[in-house]
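Down below is the structure, laid out as structure tokens.
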Amino acid sequence: MTIIDYISVILLVAGAFFFLAGTLGLLRFPDVYTRLHALTKADNLGLGLTVTGLILQLESWLVAGKLLLIWILILLAGASVAHLIAKGALRRKVRLWKQ
Amino acid sequence: METINLLIWSLDSLLGLSLLWLAWRALTTPDLFKAVVLFIAFGLLITLVWVRLDAPDVALAEAAIGAGLTGALLLSALARLDSTHSDPASVYSGKTRVNNESAGPESIHWWPFSLLVLVSSGLGFIILSMPVAFMGLSPEVSDQLANSGVENPVTAVLLNFRAYDTLLEMVVLLIALLGVWSLGGGVKHKEPFPGTVLDILTRLLTPVLILVSAYLLWVGAHAPGGAFQAGSVLGAAGVLLMLSGWQLQMNIPVLLIRLILLAGPFAFIAMAVITIMIEGQLLQFPVAQAGLLILLLETFATLSIGATLAALFLGGQTWKNDEESL
């Protein structure tokens, strides 16, 4: 394994860790707002790390560009949809969680 | 090598078991909203299964149509059911229940269930009794691939060897749309201003979706892609535009929309007539021009599929009103 491979492995494992953390938050957090927070933030970062880890292994710039584009599109869609769901929940008067 | 195989095997089993579990939950949950969400998740996992089976063409189609657009259709149908009864907050608290008391795992309908078991065991028997080295028709396809005008065997089958199947599929889509239209309109739906976020997202995504659609159409000649995938991405762009309050009838005359809806089937039928006259056989393309003709057909098919899927989502209301004003 070269040094590039080691960096890839570290990035991919870190990505998987953020996905795990996000999923845990989705399952364990108490209301829709906190769950959204856990899911969209952690998954966006996790996907970013995964994509970077994969790009290091590629030989074609074209495929690297496509992977980056996928990440950007998911960032855009994830952030917007989280906002829309939260706004919808607020409009339907779903209460905020209080200790 | 051994551990890698074991890992792949256990991931595949996990995938298969999750599919069964999701399907069971989607069918038996009494909460309609939950059922729809489970169905969408089921579609996404099926996409992964197709990828694992080395069928990226089917995976693309499943992701775009099975999970994406069908999910959107089901959600919009649910929204219309909801507006007639039950309170809107219920979606978030998980109470969009079916009123029917008997819905639930206790009341499996035994007739369809036994039919299902019969069909599945029949199919299972056939698959298990096939010779191990059974190649299907893929050797014949790869033999003839050079004559098809494209390099992607899936596109070659869909648009050349079995082009009449695709012709009929285009007509099926059109008939589905006619069925939806004949159910009548209901209320003309006026979207309120979608809010800045959805508005900006739509403005950013629509050109990208159109570009992706064109890319899928073009790349279909030599890699996974093609008219159905391209058309469903185009249809998704239409759905997104409609969700963010874009009004169709102000911009485009109704005749043009109908022409776009018909362009795909008409192009196929025209091509069929021409090929009968020239080559003497239905949709038998001359080898030299096959690539160009297939691209032409697929372009019209993409436009029609996109327009049809978007129109299915809209449910025909806007056009009905248009007709009255004509």
Side-chain angles (χ1 to χ4, degrees), chain A residues 1 5 9 12-13 16 19-20 22-23 26-27 29-41 43-44 47 50 54 57 60-98, chain B residues 7 11 18 33 37 40-41 44 56 60 63-64 68 71-72 75 78-79 82-83 86-96 191-213 215-216 218-219 222-225 233 236-237 239-240 243-245:
Chain A
M1 272 171 63
D5 288 344
V9 167
L12 288 175
V13 170
F19 271 109
L20 191 71
T23 311
L26 175 72
L27 291 173
F29 277 177
D31 70 351
V32 62
Y33 308 104
T34 46
R35 283 181 197 161
L36 275 175
H37 159 88
L39 186 70
T40 43
K41 273 188 186 158
D43 282 8
N44 281 342
L47 186 68
T50 309
L54 290 177
Q57 296 295 316
S60 137
W61 285 104
L62 195 65
V63 182
K66 280 181 199 166
L67 279 178
L68 263 184
L69 187 67
I70 288 173
W71 183 44
I72 292 171
L73 284 175
I74 288 181
L75 275 182
L76 192 67
S80 310
V81 170
H83 174 89
L84 289 173
I85 292 176
K87 207 171 80 175
L90 269 182
R91 207 168 47 219
R92 289 168 169 81
K93 305 208 168 49
V94 175
R95 290 232 189 86
L96 293 172
W97 173 72
K98 290 199 185 71
Chain B
L7 202 65
L11 279 178
S18 334
F33 179 72
V37 172
I40 294 172
L44 287 174
L60 274 175
L75 281 177
L78 189 66
D82 263 8
S83 63
S86 95
D87 63 318
S90 58
V91 168
Y92 288 88
S93 50
K95 282 190 208 109
T96 38
E191 296 284 345
F193 179 65
T196 321
V197 171
L198 186 56
D199 198 53
I200 292 174
L201 182 71
T202 309
R203 277 163 210 268
L204 286 174
L205 279 188
T206 308
V208 178
L209 285 172
I210 293 172
L211 192 68
V212 169
S213 171
Y215 170 75
L216 281 172
W218 176 253
V219 87
H222 55 85
V233 171
V239 168
L240 195 63
L243 281 178
S244 59

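We use all heavy atoms of the structure for the numbers below, so side chains are in, but hydrogens, waters and symmetry mates are not. Note on naming: letters A, B, ... go to the chains in the order of the sequence lines (proteins, then strands), and numbering restarts at 1 for each one.
For chain A, no part of Ile200(B) is nearby; none of its heavy atoms comes within less than 4.5 Å. With a threshold of 4.5 angstrom between heavy atoms, Leu69(A) does not approach chain B through any atom at all.
No option in Val197(B), Leu205(B), Leu198(B) other than Val197(B) meets the side chain to side chain contact (heavy atoms under 4.5 Å, CB included) test with Ser80(A).
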